[in-house]
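Everything numeric in this text was worked out from a predicted model, so none of it was measured. Counting starts at 1 for both ligands and their atoms, following the listed order. Start at 1 with the first residue, then count along the sequence.
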Amino acid sequence: MADKEYTDPERMEKIVSLCKRRGFIYQSAELYGGLNGCWDYGPLGVEVKRNLKEYWWRRNVQEREDIVGLDGSILTHQSVLTASGHVGGFSDPMCDCLLSKARLRADQIEPQSGTAYHYTGARESEWSVARDFAVLLREGENENRARKTARQYYAQFHPNKSLSPKALELVGESTTEEEDTTRYNPENGSLLTEAREFNLMFKTQMGASSSEEDPNAVAYLRPETAQSIFTQFKNVLDTSRMKVPFGIAQIGKAFRNEINPRNFTFRSREFEQMEIEYFCRPEDGLRLTDEWLENRLTFYNDIGLPREKLHVLDVPDGERAHYSKKTYDIEFDFPFGCQELEGVAYRTDYDLSKHQEHSGRPIEYFDETTKEKFIPHVVEPSAGCDRTVLALLCEAFEEEEVTDAKGKAEVRTVMRLHPRVAPIKAAIFPLLKKNEEQVRISREIQHSLERFMNVFYDQTGAVGRRYRRQDEVGTPFCITVDFETLGEENPDLKDTVTLRHRDSMEQERIAISDLLPRLLDEIQ
Ligand code: GAP
């Protein structure tokens, strides 16, 4: 069993650096200092993301008769999100550091123990300020650190901004012993404000004449893709002749004004979800939740996330979302800890009932066989596309020691991405760029494959270096056209090439005509 507490910040740093260096993921608006919590996928990252989405869609929509797709609008009517409970309750508890003004998620602060130094104010000559402040010192820390921090805090109220905080005299010092408190900033020990609720939705104004005050002009960027599935449930039912149980799937952007975006793309403010709302009879809800959990675990395995790195958390009562009667979180061992990849939730009939109630329009389902009318219950496997891409990149990254052709040891960086999600499926090289025949055949192979998959042609540098460049971006196959392809040394090998495998680095001889079926078989 893997250690769920294990973290490896150095490995994470290397992955982030490779992502930028090789064009997987860049910080959004990096040119202007970066837009916090937003990311841009580069030429290779976009391929991985598309491969993931296409495979998810194929498995969950194209290969199933009981699931259809939807692509709903991102801008969302405020009544939809009022009915769903997001306007009233989609919030996280937030607090501010009194000293640095950093904003923190109150429920994510690590409990700490130590001695709190309290003050009632500070003075300097004629000037004084009366405000309560406190600093937490952990065992062994010098009390002067508390005083220095407190002086820095009070100095911000002094009219002379160039005054040294050392000039301030602290007032009313007292101490208390604190155990497992979350009232202090773990970074600097400063007291935090009381936690208050912060709504995570991005609100916007619609229409040319819109103004902040006009409630009819308010719209939201959707915080989950699910709601348009619920509000279009009746339309899909009436137009697609689906019968319960059936599902509606959607892949699309969602937006949350996260208080602390962090861990690279893991917690972003703009991200993509891959969600299914699977409508069923009430008595089938719990069973289907278990079935969907297994289905989703198999999916992750099929894209290269091993079962032993996936963990299932049966979310306890009191910690589930307000709409859920049962939730499994599928977690993955990221280098920054074991964290949620997907939630499989039994949302009961909560959402459809709420939309029926708020819209005043019937959303019931009529069962032709039993002649019953009822509001279907729903099971929701909700995956994060960006989080899954991140998990794939983290799992794939490896540095291994190998010996080069001259017997010298070197470190090979290899992204062991599953061929299904790898951004480039095959790289094609002529052994010698000056050999016109090798170049011609290589180009022919490139053109014959590129209609079916993303391939890459490279003729620069020694072939060993070309292999290494492809290893680093996860290309599972390299095809080399050499003298044997031309049949110059052995006529039996004419029209064959070397197929080199990224993971084992083994090479085999294969007929050019066998390349396409062979590669298709590996990547589908
Ligand atoms: N419709 C249900 C729903 O949205 P959720 O647990 O809030 O449930 C589902 O989100 C999935 O969306 C998460 O498991 C995660 O993969 C992804 N997700 C949520 N918030 C995210 C964020 N801020 N950044 C990246 N992915 C996020």
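When E342, E275, E224, R256 are checked for heavy-atom proximity to atom 5 (P) of ligand 1, R256 turns out nearest.
A side-chain donor from one of E275 and S382 sits under 3.5 Å from a side-chain acceptor of the other. Using a 3.5 Å distance cut-off with no hydrogens or angles, the side chains of Q227 and R222 do not pair a donor with an acceptor. D333 and H311 form a side-chain donor-acceptor contact under 3.5 Å, judged by distance and modelled atom types alone.
For ligand 1, the atoms lying closer than 4.0 Å to a non-hydrogen atom of R347 are 1 (N), 2 (C). Heavy-atom proximity to Q273, at under 4.0 Å, picks out these atoms of ligand 1: 3 (C), 4 (O), 9 (C), 10 (O), 11 (C), 12 (O). Using a 4.0 Å cut-off to heavy atoms of E380, the atoms of ligand 1 that qualify are 1 (N), 2 (C). Of all atoms in ligand 1, numbered sequentially from 1 with element shown, those under 4.0 Å from a heavy atom of G343 are 14 (O).
Nearest protein heavy-atom neighbour of atom 8 (O) of ligand 1: S382 OG, 4.0 Å. Atom 18 (N) of ligand 1 has F271 CE1, 3.5 Å as its closest protein atom, hydrogens excluded (heavy atom only). Shortest contact from atom 15 (C) of ligand 1 to any protein heavy atom: R387 NH1, 3.4 Å. When hydrogens are left out, the protein atom nearest atom 24 (N) of ligand 1 is S268 N, 3.0 Å; that is the closest non-hydrogen contact. Remark: minimum distance from atom 14 (O) of ligand 1 to any protein heavy atom is reached at E340 OE2, 2.5 Å. When hydrogens are left out, the protein atom nearest atom 25 (C) of ligand 1 is F266 O, 3.1 Å; that is the closest non-hydrogen contact.
Checked against ring-ring contact (aromatic ring centres under 6.0 Å, His included), Y278 has the following partners two or more places apart in sequence or in another chain: W292.
Considering backbone and side-chain N/O of A226, none are found under 3.5 Å from N/O of ligand 1. Checked against a 3.5 angstrom limit, the closest N/O atoms of G384 and ligand 1 fall inside it. At a 3.5 angstrom cut-off on N or O pairs, T265 does not count as close to ligand 1. Between E258 and ligand 1, at least one N/O pair is under 3.5 Å apart. Here's the thing with R267: none of its N/O atoms is less than 3.5 angstrom from an N/O atom of ligand 1.
Between L200 and F255 there is no side-chain heavy-atom pair separated by less than 4.5 Å.
For E283, the CD atom sits in a packed shell: over 12 heavy atoms of surrounding residues, nucleotides or ligands are nearer than 6.0 Å.
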- request: Please lay out, stage by stage, how R468 and D471 fare under the test salt bridge (Lys or Arg N to Asp or Glu O under 4.0 Å).
  value: CA-CA 5 Å; R468 289 288 183 272; D471 289 343; 3.7 Å; yes

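For the pair R296 and F299, the cation sits on the ring face: its NZ or CZ lies under 6.0 Å from the ring centre, inside 45° of the axis. For the pair R281 and F374, the cation-pi criterion (under 6.0 Å, within 45° of the ring axis) is fulfilled.
Test H377, E380, R320 against Y346 for side-chain hydrogen bond (donor to acceptor under 3.5 Å, both in side chains) and you get one pass: H377. Residue D96 is tested with R105, K101, R103 for a salt bridge (Lys or Arg N to Asp or Glu O under 4.0 Å); the sole match is R103.
At a heavy-atom distance under 4.0 Å, no atom of R269 approaches ligand 1. Contacts with ligand 1 closer than 4.0 Å are made by no heavy atom of Q227, backbone or side chain.
The residues E224 and R347 are annotated as salt-bridged, a charged nitrogen and a carboxylate oxygen being separated by less than 4.0 angstrom.
At least one heavy atom of L341 sits under 4.0 Å from some atom of ligand 1. In this structure, E331 has no heavy atom closer than 4.0 Å to ligand 1.
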